[in-house]
Amino acid sequence: MSSSASSVLETQIFQYIDVHQSDLIKDLKEWVAVESDSVQPDFRKEVIRMMTLTADRLAALGATVNSVNLGSHQLPDGQDLPLPPVILGELGKDPQNPTVCFYGHVDVQPAKKEDGWKTDPYTLTEINGNLYGRGATDNKGPVLAWINAVETFRALKLVVNFKFVIEGMEEAGSLGLEKLLEEENQCFFSDVDYIVISDNLWLSNKKPALTYGSRGNACFSVEVECGDKDLHSGTFGGIIHEPMTDLIALLDSLVDPTGRIQIPGIYDSVTALTEEERKLYESIEFDLEEHKNNSGVKKFLYGTKEEILLHLWRYPSLSIHGIEGAFHEPGIKTVIPAKVIGKFSIRQVPHMDLLVVKRQVVEHLEGVFSKRNSPNKLKVSMPLGAKPWLADINDPLFKAARRAIKTVFGEDPDFIRDGSTVPVARMFQTITQKSVMMFPIGAADDGEHSQNEKISRHNYIEGTKVFAAFFLEISKLHRHLHKTSNMETNN
Ligand SMILES: Cn1cncc1C[C@H](N)C(=O)O
Ligand code: BAL
Ligand SMILES: [Zn+2]
Ligand SMILES: [Zn+2]
């Protein structure tokens, strides 16, 4: 396609997207209405229903859809729960076109109005240009933006072959996905040229970004048990070793008030910071005050932009998430819980090794516990481990996306890393050996996993356009690269 033909096509597509804004928002409203919470077992039916809706949507696009059954998994209490299927979709098979595989997830984090939402989390609500709802930005909005971008193309002319991997267990650790990728590596993935994930946020509220790295996450459970029943704190308080007291001491030993992880050896294999890398951080635009406002907290652990970004992207962090079995309802309950399970996770970075991290954590906690001389039972486990991911920004993917961003948003993107984890990023890289890019469309203040999660109408609509523009760019670039490499082989 000549460049003028491609710019005519681009204009037509952008107009089409603008005219169909309300349809795109209606799509998102329908998807947000499904409580596809993969974390709480009671909602599993809804996740499965969400997978069916997604499969139907892709089929309506004309794609071949394969909903792969992954069987079931066992909960810690022994209960068997069906896993939602993973959707493998395919549209177009023209050997002239590059094949771009898109990954997204349609499950969400838990949300309840009582958590402090201003609107019902499962009713997409527009206020001042923002579309509020659970999954609006993580990750239903971006998945629909991509599908709708493909749709506008189909109405005109397909320049890319599309593949889709859509799952419903991302927020619970992408169970079963790694095995499926291994099995499909020689089949579904054999003709894939590029992989795109859009499941993270820009660094800024306004400036677009492309992401070339993410942290991994090692999730831990630490269980302390004194017996098989809860006890009256008046009858037994003062004469027993309480599990919660042990657990709080264990959790308190993990990280100091400056944010430094206290587990011996944990920083040993973190890649050393080079001068060159430090300079890279200096040149990144980052508004510390804006970031603080987005978080709602008054003070960060670090005072400079460089320190903040380093600690978000390339140093590990430890967060404590909760205690199962603890009395957490309002009011007073004078009980000694018999069994409590602390949950924490370590976002880890290159070149930390998950097995080494696990050993360090177990040894540390056992050491702290043994000093307490407690007769209680301690059990430490790592139910989930996802590895960090780092890409090469010289890959054609980044070049094409950068051009698309310039066209739609009128400025060059930030090149950023991300502190959060999409477990599949590293799996794709290791198993398929194809290039992977994260192409976010959500803004830094979207509030993933938080109350009042949103995506702005602007980002959702322009995000749809930027994906469409990207299809044109990657197709042009791919053809160009292939022409050059063919000429080289012919000579
Ligand atoms: C489920 N999980 C555990 N650790 C990481 C995850 C994935 C999730 N996207 C996150 O970054 O929080
Ligand atoms: N946005 C990072 C991956 C996730 O939380 O779903
Ligand atoms: Zn996500
Ligand atoms: Zn998430």
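Numbering of ligands and ligand atoms starts at 1, following listing order.
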message: N200 versus ligand 2: do any nitrogen or oxygen atoms come within less than 3.5 Å of each other?
response: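 It does not: no N or O of N200 is found under 3.5 Å from an N or O of ligand 2.
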- prompt: Looking at ligand 2, does any of its N/O atoms fall within less than 3.5 Å of an N/O of T421?
  reply: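 N/O-N/O distance under 3.5 Å: no.
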query: From M51 CE over to E167 CD, what is the distance, rounded to the nearest 0.5 angstrom?
result: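 Result: 7.5 Å between the selected atoms.
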Kindly say whether the aromatic ring centers of [X] and [Y] come within a distance under 6.0 Å.
X    : Y    : value
Y122 : W117 : no
Y212 : F398 : no
Y281 : F286 : no
F439 : F467 : yes

Please determine if [X] and [Y] form a salt bridge, counting it only when a charged side-chain N lies under 4.0 Å from a carboxylate O.
X    : Y    : value
R278 : E306 : no
D37  : R44  : no
E126 : R457 : yes
K113 : D120 : no
K279 : E282 : no

Would you mind listing which atoms of ligand 2 come within a distance below 4.0 Å of any non-hydrogen atom of [X]?
X    : result
D138 : 4 (C), 5 (O), 6 (O)
H105 : 6 (O)
E448 : 1 (N)
E170 : 3 (C), 4 (C), 6 (O)

Could you find the nearest protein heavy atom to [atom] and give me its residue, atom name and distance?
atom                   : answer
atom 1 (N) of ligand 2 : D199 O, 2.6 Å
atom 5 (O) of ligand 2 : H449 NE2, 2.9 Å
atom 2 (C) of ligand 2 : S420 OG, 3.1 Å

Heavy-atom contact check, 4.0 Å cutoff: does [X] meet ligand 2?
X    : answer
Q109 : no
D418 : no
V422 : yes

query: Can the positive tip of K118 be found less than 6.0 Å from the middle of the six-membered ring of Y132, inside 45° of the ring normal?
result: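 Negative - K118 is either too far from the ring of Y132 or too far off its axis.
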Proximal heteroatom of D138 relative to the Zn ion (ligand 3) (N/O/S):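 The nearest such atom is OD1.
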- request: Check all N, O or S atoms of D199 and name the one closest to the Zn ion (ligand 3).
  value: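 Atom name of the closest N, O or S in D199: OD1.
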query: Is E448 close enough that one of its N/O/S atoms sits under 2.8 Å from the Zn ion (ligand 3)?
result: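 No, since none of the N, O or S atoms of E448 sits under 2.8 Å from the Zn ion (ligand 3).
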- request: Specify whether an N/O/S atom of E171 falls short of 2.8 Å from the Zn ion (ligand 3).
  value: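 False for E171.
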query: N/O/S of H105 less than 2.8 Å from the Zn ion (ligand 4)?
result: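 No - counting backbone and side chain alike, H105 has no N, O or S atom under 2.8 Å.
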